[in-house]
**Student:** 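My structure is below; once you've seen it, I'll send some questions.
Predicted model only: the values in this text are computed from it and were never measured. No hydrogens, no waters, no symmetry mates; every other heavy atom, side chains included, goes into these values. Letters A, B, ... are given to chains in the order of the sequence lines, protein chains preceding strands, and every chain is numbered from 1.
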Amino acid sequence: MKEPLRLLLDQALERLRADGTLPADVAAPFAIERTKNREHGDFATNAAMLLAKSARTNPRALAQALVAALPQNSLLAKVEIAGPGFINFFLSPAAYHEEMRRVHAATQAYGTNRIAAGRRTGVEFVSANPTGPLHIGHGRAAAVGDCLARLLAAEGAQVVREFYYNDAGVQIDNLAKSVQARAKGMTPDDAGWPADGYRGDYIGDVANAYLRGDTIEFEDHAVTGAKDADSLDAIRQFAVAYLRREQNMDLEAFGVKFDVYFLESSLYSDRKVEETVRELVAHGHTYEEGGALWLRTTDFGDDKDRVMRKSDGTYTYFVPDVAYHLSKWQRGYARAITELGADHHGSLMRVKAGLQALEMGIPKDYPEYVLHQMVTVMRGGEEVKISKRAGSYVTLRELIDEVGRDAVRFFLVYRKADTEFTFDVDLARSQTEENPVYYVQYAHARVCSVLKQAGVAIGDASTSRR
RNA sequence: GCGCCCGUAGCUCAAUCGGAUAGAGCACCGGCCUUCUAAGCCGGCGGUUGUGGGUUCGAGUCCCGCCGGGCGCGCCA
């Protein structure tokens with residue numbers, strides 16, 4: 001509806017330029033907005049306020065001229081000038097009828113546009129380490145990231161949903177050691193339990209499956225438990241496969257599908273990490289000190305330099321992260337969006353600094369970050385504490401089973417991503433008007449009922465599960 | 001101590017690029033069931049936008065200080 005209004009205004013402005021009311025060369029990025037207040041009509045524009053100065057008149061007088069110059073049309077019932085020089089548009093019933101016809105004709109495509117037509121856009125989200133079941137925080141990431149991807153697609157972008165697996169490195173070692181300890185009959189409170197081991201009960205499940213020789217099938221691989229508690233390598237492979245499959249099942253239950261699962265380990269096997277380091281060294285943004293290789297991130301706005309290669313020869317986590325984001329650029333993502341928990345915001349600066357230090361013409365704001373704040377779970381009026389000691393937390397799967405997929409997704413995108421959020425399980429489950437999900441469902445039921453009473457066939461839009 | 005995010009009605013939160021009288025839901029108070037679901041509708045009450053300055057025609061929004069909360073600050077990820 002803004003487009004026809006903009007067209008009318010453009011014509012009016014053209015007339016004013018033609019008759020000399022406005023200088024021939026002025027243009028202003030005026031806005032057409034929905035009004036906040038019904039008394040101000042349906043839409044309003046600030047055009048007169050923005051152009052008054054160059055017309056050498058006051059906003060209200062210019063607004064008068066603009067309104068007088070508007071072409072005749074059937075969309076507008078009334079046009080008023082108000083306040084400091086706003087022009088308020090009141091739509092005619094015919095305008096609404098016309099819009100209804102457009103909705104009906106466009107069906108699912110209604111409201112989409114081509115702003116980002118064909119633009120290759122990578123949206124990375126969740127990216128949980130395969131070291132345990134997904135929790136509510138991952139759920140927020142999944143819901144926010146998936147909505148973002150859908151919105152971008154609705155703008156015509158060519159969206160790729162991407163999940164980055166940290167399947168190499170210390171955390172995975174800790175996982176393997178934990179499963180091994182379980183397989184050897186230890187429990188987390190025993191003296192010999194790995195120092196940074198994972199303590200959750202699921203570790204025992206993984207160990208049992210491994211010892212039974214279960215076969216894990218996922219993403220067209222299959223891994224079979226070797227039953228050998230001494231083979232840390234076999235355990236690692238099995239455990240990662242087991243937990244990746246679990247996470248994939250959680251995500252599927254949540255209605256989120258990824259196009260690319262990108263493995264950190266591939267960055268090593270494809271020599272991308274090496275290549276990245278070589279380029280950074282070649283461009284002179286590194287130095288050696290204390291047996292370690294440092295990246296001069298302070299050249300790019302960081303508050304201190306960061307170690308890239310530790311004195312033991314291994315890389316710190318952000319180096320593959322830079323290599324990963326470089327690969328996004330090399331794979332042709334004109335736009336890359338990385339959705340992260342706010343507790344990782346410290347890594348933003350490093351990754352961006354790394355990309356800039358490569359001197360490959362990657363834009364300064366690449367990638368774009370979307371951060372979400374922490375989620376806490378309330379049940380029975382009390383916060384459900386995450387027990388680090390027991391390794392227990394409320395899993396995404398439990399929440400989906402308990403309150404339903406759509407309700408969980410609804411609540412997780414109901415608030416801005418950058419404010420902390422408390423998920424009240426009892427509220428989400430309640431069948432009362434305090435539960436916004438219930439309220440929305442009721443509205444849907446009423447619409448269906450009205451259509452039924454009217455004898456109108458219920459089409460795709462109203463029977464869609466979405 | 002430093003960095004990032006947040007602070008708006010009793011509660012949970014909106015407020016588009018800095019624009020009009022800061023809006024919703026819940027809660028509370030009052031009205032409304034012979035016809036589409038009362039799981040509802042209508043009305044009312046409710047605000048020093050944490051606080052003190054600044055910028056300007058105009059600030060919840062931008063800048064500086066302070067107060068309060070969260071997260072981060074490793075040759076961990």
Side-chain angles (χ1 to χ4, degrees), chain A residues 2 28-41 44-46 49-50 52-53 58-59 80-88 127-129 131 137 164 166-175 195-196 264 288-295 301-321 340-350 369 371-376 378 411 414-424 427 430-456:
Chain A
K2 289 181 185 176
F30 61 86
I32 296 173
E33 301 178 308
R34 290 302 306 258
T35 56
K36 287 181 190 166
N37 187 333
R38 266 188 105 67
E39 290 165 30
H40 297 145
T45 181
N46 59 355
M49 279 146 54
L50 291 177
K53 195 173 255 178
N58 68 67
E80 285 182 348
I81 294 158
F86 287 101
I87 300 173
N88 295 335
S127 294
N129 291 345
T131 56
Y164 177 66
N166 291 108
D167 66 333
V170 182
Q171 304 290 2
I172 296 299
D173 279 341
N174 289 338
L175 171 70
D196 294 311
E264 181 187 10
E288 299 222 21
E289 191 182 298
L293 182 67
W294 296 70
L295 180 66
D302 204 353
D303 56 356
K304 54 182 166 189
D305 292 338
R306 306 290 169 173
V307 170
M308 290 170 60
R309 192 173 56 222
K310 295 175 266 180
S311 44
D312 68 3
T314 62
Y315 294 109
T316 54
Y317 77 97
F318 91 91
V319 177
D321 226 4
L340 274 186
D343 54 338
H344 288 92
H345 79 261
S347 74
L348 272 62
M349 188 72 93
R350 278 165 249 182
Y369 283 96
L371 301 181
H372 67 264
Q373 293 290 336
M374 304 291 102
V375 187
T376 52
M378 285 264 272
F411 278 103
Y414 192 43
R415 303 299 181 212
K416 276 195 301 212
D418 64 2
T419 58
E420 288 145 46
F421 175 65
T422 301
F423 193 105
D424 186 333
L427 174 65
S430 72
Q431 303 200 346
T432 69
E433 58 216 89
E434 292 173 38
N435 182 352
V437 170
Y438 210 77
Y439 195 90
V440 170
Q441 288 168 339
Y442 176 69
H444 179 258
R446 287 295 297 271
V447 168
C448 290
S449 180
V450 168
L451 289 172
K452 195 170 155 193
Q453 297 282 335
V456 175

**Student:** Does the aromatic ring of A/F86 sit over the six-membered base ring of B/A20, closer than 5.5 Å centre to centre and tilted less than 30°?
**Tutor:**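 Yes, A/F86 stacks on the base of B/A20, since the ring centres sit under 5.5 Å apart and the planes are within 30°.
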
**Student:** Taking atom CE of A/M308 and atom CH2 of A/W294, what is their separation to the nearest 0.5 Å?
**Tutor:**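 Those atoms lie 12.0 Å apart.
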
**Student:** Under the rule for side-chain hydrogen bond (donor to acceptor under 3.5 Å, both in side chains), what residues qualify as partners of A/K416, not counting sequence neighbours?
**Tutor:**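 Partners of A/K416 under the side-chain hydrogen bond (donor to acceptor under 3.5 Å, both in side chains) test: none.
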
**Student:** Report which part of the nucleic acid A/D302 touches: base, sugar-phosphate, or nothing (heavy-atom distance under 4.0 Å, all strands).
**Tutor:**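 If one applies the 4.0 Å heavy-atom cut-off, A/D302 turns out to touch nothing in the nucleic acid.
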
**Student:** Quick check for you: to the nearest 0.5 Å, what is the distance between A/N129 atom CG and A/I172 atom CD1?
**Tutor:**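 Between atom CG of A/N129 and atom CD1 of A/I172 there are 6.0 Å.
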
**Student:** Return no unless some side-chain N or O of A/K304 is found under 4.0 Å from OP1 or OP2 of B/G74.
**Tutor:**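 Checking A/K304 against B/G74: at least one side-chain N or O falls below 4.0 Å of OP1 or OP2.
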
**Student:** Taking C-beta and beyond as the side chain, do A/D343 and A/M374 meet within less than 4.5 Å on heavy atoms?
**Tutor:**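 The answer is yes, as the side chains (C-beta and beyond) meet within the 4.5 Å cut-off.
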
**Student:** For a 4.5 angstrom cut-off between non-hydrogen side-chain atoms, does A/L348 reach A/L371?
**Tutor:**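 Yes; the side chains approach each other to less than 4.5 Å.
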
**Student:** Give the nucleotide from the list B/A15, B/C71, B/U37 with an atom nearest to the side chain of A/H345.
**Tutor:**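 Ranking B/A15, B/C71, B/U37 by closest atom to the A/H345 side chain puts B/C71 first.
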
**Student:** With rounding to the closest Å, how many angstrom separate the P atoms on B/U8 and B/G40?
**Tutor:**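 27 Å, rounded to whole Å.
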
**Student:** With a non-hydrogen cut-off below 4.0 angstrom, is A/G341 in contact with a base, only sugar-phosphate, or nothing?
**Tutor:**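 Answer is nothing: A/G341 stays at 4.0 Å or more from every strand.
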
**Student:** When the P atoms of B/U16 and B/G7 are considered, how many whole Å apart are they?
**Tutor:**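 B/U16 and B/G7 have their P atoms separated by 13 Å.
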
**Student:** So what does A/D303 hit on the nucleic acid, given a heavy-atom distance under 4.0 Å: a base, only sugar-phosphate, or nothing?
**Tutor:**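 Nothing, no heavy atom under 4.0 Å.
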
**Student:** Counting side-chain heavy atoms from C-beta on, which of B/A77, B/G70, B/C6 comes nearest to A/T419?
**Tutor:**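 Between B/A77, B/G70, B/C6, the one nearest the side chain of A/T419 would be B/C6.
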
**Student:** If you write RNA chain B from 5' to 3' in dot-bracket form, with Watson-Crick or G-U pairs under 3.5 Å, [ ] for crossing pairs and | for pairs with another strand, what do you get?
**Tutor:** (((((((..((((.....[...)))).(((((.......))))).....(((((..]....))))))))))))....

**Student:** Considering every strand and a 4.0 Å limit on heavy-atom distances, what is the contact class for A/D424: base, sugar-phosphate, or nothing?
**Tutor:**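 Since no nucleic acid heavy atom lies under 4.0 Å of A/D424, the category is nothing.
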
**Student:** Quick check on B/C29: syn or anti? Syn means the glycosidic torsion is within 90 degrees of zero.
**Tutor:**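 Base orientation: anti.
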
**Student:** Taking only side-chain nitrogens and oxygens of A/K310, does any of them come within less than 4.0 Å of OP1 or OP2 of B/A77?
**Tutor:**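 Indeed, a polar side-chain atom of A/K310 lies that close.
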
**Student:** Less than 3.5 Å apart, any donor N or O on the side chain of A/N166 or A/E264 sitting next to an acceptor on the other?
**Tutor:**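 There is such a pair between these side chains.
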
**Student:** I'd like to know if A/N88 reaches the base of B/A20 with its side chain, counting only an N/O donor and acceptor under 3.5 Å.
**Tutor:**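 Under the 3.5 Å cut-off, the side chain and the base do form a donor-acceptor pair.
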
**Student:** Which residues satisfy the salt bridge (charged side-chain N to carboxylate O under 4.0 Å, His left out) test with A/D312, sequence neighbours excluded?
**Tutor:**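 With sequence neighbours excluded, A/D312 shows a salt bridge (charged side-chain N to carboxylate O under 4.0 Å, His left out) to no residue whatsoever.
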
**Student:** Between the base of B/C36 and the side chain of A/S449, is there any donor-acceptor pair under 3.5 Å?
**Tutor:**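 Donor-acceptor pair under 3.5 Å: no.
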
**Student:** Please classify the nucleic acid contact of A/T316 as base, sugar-phosphate, or nothing, using heavy-atom distances under 4.0 Å.
**Tutor:**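 Sugar-phosphate contact only.
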
**Student:** Using the P atom in both, what is the distance from B/G47 to B/G23, to the nearest Å?
**Tutor:**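 The same atom, P, in both gives a distance of 13 Å.
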
**Student:** State whether the distance check finds a donor on one side and an acceptor on the other, under 3.5 Å, for side chain A/H344 versus base B/G72.
**Tutor:**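 No.
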
**Student:** Using the P atom as the point on both nucleotides, what is the distance between B/U56 and B/G43, in whole Å?
**Tutor:**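 Nearest-Å result for B/G43 against B/U56 at atom P: 42 Å.
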
**Student:** What is the nucleic acid contact for A/E289, judged by heavy atoms within less than 4.0 Å: base, sugar-phosphate only, or nothing?
**Tutor:**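 If one applies the 4.0 Å heavy-atom cut-off, A/E289 turns out to touch a base.
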
**Student:** Using the glycosidic torsion, which applies to B/C33: syn (within 90° of 0) or anti (everything else)?
**Tutor:**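 Syn.
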
**Student:** In whole angstrom, give me the gap between the P atoms of B/C42 and B/A27.
**Tutor:**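 It works out to 15 Å between them.
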
**Student:** Please report the distance separating the P of B/U21 from the corresponding atom of B/G60, rounded so that it comes out in whole Å.
**Tutor:**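 Roughly 11 Å separates the two P atoms.
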
**Student:** Please give the distance between the C1' atoms of B/C13 and B/C66 as a whole number of Å.
**Tutor:**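 Roughly 26 Å separates the two C1' atoms.
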
**Student:** Looking across every strand, which nucleic acid part, if any, lies under 4.0 Å from A/Q171 by heavy atom: base, sugar-phosphate, or nothing?
**Tutor:**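 The answer is sugar-phosphate, as A/Q171 gets under 4.0 Å only of primed atoms, P, OP1 or OP2.
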
**Student:** For A/Y315 and B/A77, what is the distance between atoms OH and P respectively, to the nearest whole Å?
**Tutor:**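 From A/Y315 OH to B/A77 P: 13 Å.
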
**Student:** In whole Å, what separates the P atom of B/A9 from that of B/G3?
**Tutor:**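 Each nucleotide's P atom is 28 Å from the other's.
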
**Student:** Would you mind reporting whether A/R309 and A/E288 have side-chain heavy atoms less than 4.5 Å apart?
**Tutor:**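 A/E288 vs A/R309: side chains touch.
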
**Student:** Rounded at 0.5 Å granularity, tell me how far CZ in A/F411 sits from CG in A/D424.
**Tutor:**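 The CZ atom of A/F411 sits 8.0 Å away from the CG atom of A/D424.
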
